[in-house]
Amino acid sequence: MRDFTLDIYRELLETLQRKGYELISYQEYLRNPGTPESRKSDKFVILRHDVDLKAGNSLKTAQIEKSLDAKATYYFRIIPESNRPEVIRAIAALGHEIGYHYEDMSVCKGDVDKAYDHFKTWLEYFRQYYAVETICMHGAPTSKWDGKDLWKKFDYKELGVVGEPYLDTDWSDVFYLTDTGRCWDGYKVSVRDKIPGYQDEWTKKGLSWHTTQELIEAIGQGALPKHMMITTHPQRWTNNRGEWWKELVLQNTKNIVKRIWIRN
Ligand SMILES: [Zn+2]
C-alpha cells in the first residue's frame, strides 16, 4: 500500500478509534486537558493540521474525519495557497476548529511591533470564519525568525487566544507525532517542528516509526501512549497519483538539504 494517501489516513484514524482513542481538536484539549469523567475515553489524540499549501486537500481529510465523527484543528496561513475562504468555511461547517497558522515575524522581517500589529489584523481576518481561540506557529525551516519570539514581548491571551500548541500543551503528558519530512521520524531532520526536551526521551523509549503502516501496526499492538498530538500537513496526503509522486520527490530532496544543514 502506498503511504500518505487518503486511504491510509482513514485507516490510521480507524485504528486509533478501534483502540479506544477519542479524536479531538486542540480547543477541546485545552478545555479539558485531563481525563475527567466528562471525556468518553481515557485515551485521546489531538488531531492538528497545518495547512501550509494546497488548501483543497485539507477539505478531503476534514470530510474523512467528519465521517468518523472525529474533530480536528486546521491552522491556515495567510498566503493564497492556504487562505482559501471557501475551504475554510467548508471545514468550519463540518464542525472542525479553525486556527491561525501565523508567521508574522518572518513577514515583518523580525520587527516585533510591526509583527504584532500584523498578527492582530490577520487574527481578526480569520475570526470572520470561526471564533478563533488557538493559534500555531508556522515553522518554516528557511526563515531566520522564530515566530514564537513574538510572545516574548506580547501576550496572545490578551487577544482572547487561549492556546498555542508549542507553548500550552503539557508535553510531559502528551506525546507528539508529526509527518514533517513525509515520514513519522522526521524530527531527525526537522528544524522547528519538534518538542525539545522531550523528543530524546521518547526516542529512548522506542516511540519512533518511519512509515504510516508501521505506526498503524504499533497502535494496533497498544504500543503508543494514551495521550497524543498528531500533526499532519494535508498537502502531502492524496490519492491522486501525479500529485503523490510530486510530493514524494520534492520531500526527499528537501530532507537531503535539511540533513546537510543540520550537520553544519
Ligand atoms: Zn506550517
Side-chain angles (χ1 to χ4, degrees), residues 4 9 25-27 46-62 65 72-85 87-88 91 96-110 115 118-119 122-123 125-126 129-130 132-151 156 161 163-169 171 176-196 199 229-238 243 246-248 250-255 257-258 261-262:
F4 295 99
Y9 183 66
S25 67
Y26 191 54
Q27 202 170 29
I46 303 156
L47 291 180
R48 175 181 135 201
H49 299 287
D50 292 356
V51 185
D52 285 359
L53 294 166
K54 291 191 192 163
N57 286 26
S58 46
L59 189 50
K60 304 241 172 83
T61 52
E65 288 151 357
T73 304
Y74 285 82
Y75 290 107
F76 286 89
R77 298 170 69 191
I78 64 172
I79 59 161
E81 295 90 327
S82 174
N83 174 15
R84 281 184 38 205
V87 173
I88 302 173
I91 292 179
H96 298 300
E97 181 194 2
I98 304 297
Y100 176 22
H101 200 33
Y102 66 96
E103 53 194 309
D104 312 271
M105 282 293 273
S106 299
V107 174
C108 300
K109 307 209 176 334
H118 189 268
F119 176 87
W122 283 96
L123 178 66
Y125 168 83
F126 286 110
Y129 308 111
Y130 187 89
V132 173
E133 274 194 0
T134 77
I135 55 167
C136 180
M137 169 198 65
H138 170 63
T142 48
S143 174
K144 276 204 277 194
W145 294 280
D146 186 325
K148 298 193 295 311
D149 284 350
L150 200 48
W151 316 123
Y156 47 73
V161 170
E164 209 291 1
Y166 292 102
L167 302 169
D168 296 292
T169 309
W171 295 116
Y176 187 64
L177 276 170
T178 171
D179 71 351
T180 283
R182 203 179 178 280
C183 56
W184 296 99
D185 51 3
Y187 55 84
K188 293 171 188 165
V189 292
S190 177
V191 182
R192 295 221 167 88
D193 185 18
K194 56 182 168 193
I195 313 298
Q199 184 55 58
M229 176 185 286
I230 297 183
T231 296
T232 65
H233 296 79
Q235 79 239 29
R236 41 177 77 102
W237 297 78
T238 177
E243 237 189 291
K246 229 169 109 183
E247 182 61 31
L248 174 78
L250 181 75
Q251 198 56 56
N252 285 350
T253 315
K254 273 206 226 165
N255 285 356
V257 175
K258 283 202 255 181
W261 194 332
I262 281 182

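Counting starts at 1 for both ligands and their atoms, in listed order. Here, residue 1 is the first one in the sequence, and each next residue gets the next number.
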The Zn ion (ligand 1) to nearest N/O/S of H233 below 2.8 Å | no

Of all the N, O or S atoms in D52, which one sits nearest to the Zn ion (ligand 1)?
-> OD1

Restricting to N, O or S atoms of H138, which is nearest to the Zn ion (ligand 1)?
-> ND1

Would T134 and Y75 count as having a side-chain donor-acceptor pair, cut-off 3.5 Å?
-> yes

Ring centre gap for Y74 and H96 strictly below 6.0 Å = yes

Salt bridge present between E103 and R77 (N-O < 4.0 angstrom) = yes

Flag, side chain of T169 to backbone of P165, donor-acceptor distance under 3.5 Å | yes

